[in-house]
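From a predicted model like this one, the values you see are computed outputs, not experimental measurements.
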Amino acid sequence: MNYFIIGDIHGCYYTLNQLLTHWKREEETLILVGDLIDRGKYSAEVVLKAMELTSAYDNCIILKGNHEAELIQYITEGSNENWTRQGGDATLVHFAQKGIQNEVILPWLIQRPLCYETPHFIVTHAGIAETEDPFLEEGDDSVLWNRKPLKAIGKLQIHGHTPLKSNQAQYTPDSDSWNIDTGAYYGYGLTGLKIAADATVIECLTIPTDQRDIR
């Protein structure tokens, strides 16, 4: 089976739906790299859509991004100022308007994996750099938070997290990695990378951001 891997969505619901029309459900495993929420106008709709997809399809994997990790911290600890001042306040208002209860979505959020890995490629939110434990969630250089250049790990890396602010995804040969966060909430577009099971790139699609998502 091939793979269709989608970058950071950040509340861009209409853009996501348009990109999903390119998903061949019978032939491709769908993977979202995380950061479903915040900044765009439709975080609630994106979360509900993601939950629906994981419930309906076995070949749908949705990873945890740092924004989901921060929402988990907010729900479990009662506050997270770093998150609320970076779009979390608006997300909470939107959730309330749509009748989404934080405690109801918490188990689903906690269950989100940090990576999807095969012998030929790995998908994470922020990529693997030189660090002692890239899967220590709280670490500044973890696969949730890393901003450092990625290292070569002997297989293809696919990630988001660092917005390119460009309508083109970026391949870095030194680390054999693709950054597919094309800054949907900045208005550039949402990217999906299609690869074969052996990590051969089939197609890279970028859908321009639907203006309803950000205005």
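- One hydrophobic cluster holds both Y116 and L193 under the rule that ILVMFWY side chains link at heavy-atom gaps under 4.5 Å.
- In this structure a side-chain-to-backbone donor-acceptor pair under 3.5 Å is missing from E137 to L144.
- Nearest approach of A197 to M1, heavy atoms of both residues: CB-O, 3.8 Å.
- V47 is connected to I110 through a chain of hydrophobic side-chain contacts under 4.5 Å among Ile, Leu, Val, Met, Phe, Trp and Tyr, so both are in one cluster.
- In this structure, D140 places its CG atom where only 12 or fewer heavy-atom neighbours from other residues, nucleotides or ligands lie under 6.0 Å away.
- Side chains of I37 and V46 form no contact here, defined as non-hydrogen atoms less than 4.5 Å apart.
- By the criterion of side-chain heavy atoms lying less than 4.5 angstrom apart, applied directly or through intervening Ile, Leu, Val, Met, Phe, Trp or Tyr residues, L114 is not grouped with L136; the two fall into different hydrophobic clusters.
- Following chains of ILVMFWY side-chain contacts shorter than 4.5 Å, one can reach V201 starting from V123, so the two form part of one hydrophobic cluster.
- Under the 3.5 Å distance criterion, the side-chain polar atoms of H94 are matched with a main-chain donor or acceptor of K41.
- I207 approaches H22 most closely through the heavy-atom pair CD1-NE2, 3.9 Å.
- Shown here are the side-chain hydrogen bond (donor to acceptor under 3.5 Å, both in side chains) partners of K194, two or more places apart in sequence or in another chain: E28.
- Of all non-hydrogen atoms in L20 and K49, the two that sit nearest each other are CD1-CE, 3.8 Å.
- At a threshold of 4.5 Å between non-hydrogen side-chain atoms, the residues L48 and Y13 do not count as touching.
- Using modelled atom types, no side-chain atom of S55 and backbone atom of M51 make a donor-acceptor pair closer than 3.5 Å.
- In plain terms, the two heavy atoms of L109 and I75 that are nearest each other are CD1-CD1, 4.3 Å.
- A donor and an acceptor atom, one from each side chain of T182 and T191, are located under 3.5 Å apart.
- Under a cut-off of 6.0 angstrom, the local environment of CG in D133 is crowded, with over 12 non-hydrogen atoms contributed by other residues, nucleotides or ligands.
- Linking Ile, Leu, Val, Met, Phe, Trp and Tyr whenever their side-chain heavy atoms come within less than 4.5 Å puts L30 and L205 in one cluster.
- Between H125 and D8 the shortest heavy-atom distance is CE1-OD2, 3.2 Å.
- Among residues at least two apart or in separate chains, ring-ring contact (aromatic ring centres under 6.0 Å, His included) pairs with a member in residues 27-80 are H10-H67, Y14-Y42, W23-Y57, Y74-W83.
- Rounded to the nearest 0.5 angstrom, D181 CG and I6 CD1 are separated by 13.0 Å.
- For the pairing with T15, the side chain to side chain donor-acceptor pair (under 3.5 Å) check across D213, D210, T209 returns one residue only, D213.
- Considering all non-hydrogen atoms of both residues, L190 and L16 come closest at CD2-CA, 3.7 Å.
- Side-chain contact annotation: Q86 with D38, donor-acceptor N/O pair under 3.5 Å absent.
- Side-chain contact check for I62 versus L36: some heavy-atom pair is nearer than 4.5 Å.
- Atom-to-atom distance recorded for Y171:OH and C204:SG is 13.0 Å, nearest 0.5 angstrom.
- Within the 3.5 Å criterion, the main-chain N or O of L164 finds no donor-acceptor partner in the side chain of N179.
- Atom CD of Q101 has 12 or fewer heavy atoms from other residues, nucleotides or ligands within 6.0 Å.
- For K24, the NZ atom counts as loosely surrounded, since its 6.0 Å shell holds 12 or fewer non-hydrogen atoms of other residues, nucleotides or ligands.
- Rounding to the nearest 0.5 Å places NE2 of H159 at 4.5 Å from OG of S177.
- Without hydrogens or angle criteria, T76 side chain to I72 main chain gives a donor-acceptor distance under 3.5 Å.
- Note that CD1 of I158 is 3.5 Å distant from CD1 of I195, once rounded to the nearest 0.5 Å.
- No side-chain heavy atom of D176 sits under 4.5 Å from any side-chain heavy atom of F121.
- Looking only at side-chain heavy atoms (C-beta outward), I202 and Y3 stay at 4.5 Å or farther from each other.
- Side-chain N or O atoms of Q18 include none that pairs as donor or acceptor with a backbone N or O of P208 at under 3.5 Å.
- At most 12 non-hydrogen atoms from other residues, nucleotides or ligands lie less than 6.0 angstrom from CD of Q168.
- Annotation: the span from T124 atom OG1 to N146 atom CG amounts to 8.5 Å, rounded to 0.5 Å.
- Side-chain N or O atoms of S43 include none that pairs as donor or acceptor with a backbone N or O of R39 at under 3.5 Å.
- Interatomic distance, OH of Y185 versus CD1 of I9, reported as 14.0 Å (0.5 Å rounding).
- Ion pairing between a basic and an acidic side chain is recognised when a charged N comes within 4.0 Å of a carboxylate O; K98 and E45 show such pairing.
- Side-chain contact between C12 and I214 is present, with at least one heavy-atom pair separated by less than 4.5 Å.
- By the 4.5 Å heavy-atom criterion applied to side chains, E68 and D35 are counted as neighbours.
- Annotation: cation-pi geometry not satisfied between R147 and W145 (NZ/CZ under 6.0 angstrom from ring centroid, within 45° of ring axis).
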